[in-house]
Amino acid sequence: MSADKNNGTVKVRLVKGLSGSQAKHRLSVRALGLNKLGDVRELKDSPQVRGLINKVHYLVRVEE
């Protein structure tokens with residue numbers, strides 16, 4: 001996982017639909033602020049955010 005070194009943020013994009021995924025994983029995607037396919041959020045790089053990303057790694061992509 002890469003993070004922007006300048007301001008300690010990480011950019012996350014939802015690349016796969018949520019239908020068929022576990023309910024807990026859908027909640028994790030919502031917690032990241034992602035709603036629709038293709039949504040991008042720039043989040044503070046923290047252990048909590050990294051944990052959510054790791055949980056739903058198959059649904060999201062981390063971008064630089």
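Note that the numbering runs from 1 along the sequence shown for the chain. Given the structure is predicted, the values throughout are model-derived calculations rather than measurements.
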Undergrad: Evaluate side-chain contact (heavy atoms from CB on, under 4.5 Å) for V60 paired with L14, printing each intermediate quantity in order.
TA: CA-CA 4 Å; V60 298; L14 184 61; 4.2 Å; yes
Undergrad: So if you build clusters from Ile, Leu, Val, Met, Phe, Trp, Tyr with side-chain heavy-atom gaps below 4.5 Å, do V15 and L34 land together?
TA: no
Undergrad: The test is side-chain contact (heavy atoms from CB on, under 4.5 Å); show your working for K11 and V62 and say whether it passes.
TA: CA-CA 6 Å; K11 199 182 274 191; V62 177; over 6 Å; no
Undergrad: Got a second to check how far L18's CG is from R26's CZ, nearest 0.5 Å?
TA: 7.5 Å
Undergrad: Report the distance from atom NE2 of H25 to atom CG of L52, rounding to the nearest 0.5 Å.
TA: 10.5 Å
Undergrad: Just wondering, do K44 and V49 contact through their side chains at under 4.5 Å, heavy atoms?
TA: no
Undergrad: Examine distances only and state if a side-chain atom of S21 and a backbone atom of G17 form a donor-acceptor pair shorter than 3.5 Å.
TA: no
Undergrad: Which heavy atom of S28 sits nearest a heavy atom of K55, and at what distance?
TA: OG-CD, 3.4 Å
Undergrad: Does V10 share a hydrophobic cluster with V40, counting links as ILVMFWY side-chain heavy atoms below 4.5 Å and allowing steps through other members?
TA: no
Undergrad: Should L27 and Y58 be regarded as members of a common hydrophobic cluster, given that ILVMFWY residues are connected when their side-chain heavy atoms come within less than 4.5 Å of each other, either directly or indirectly?
TA: no
Undergrad: Give, for atom CZ of R30 and atom CG of N35, the distance between the pair rounded to the nearest 0.5 Å.
TA: 4.5 Å
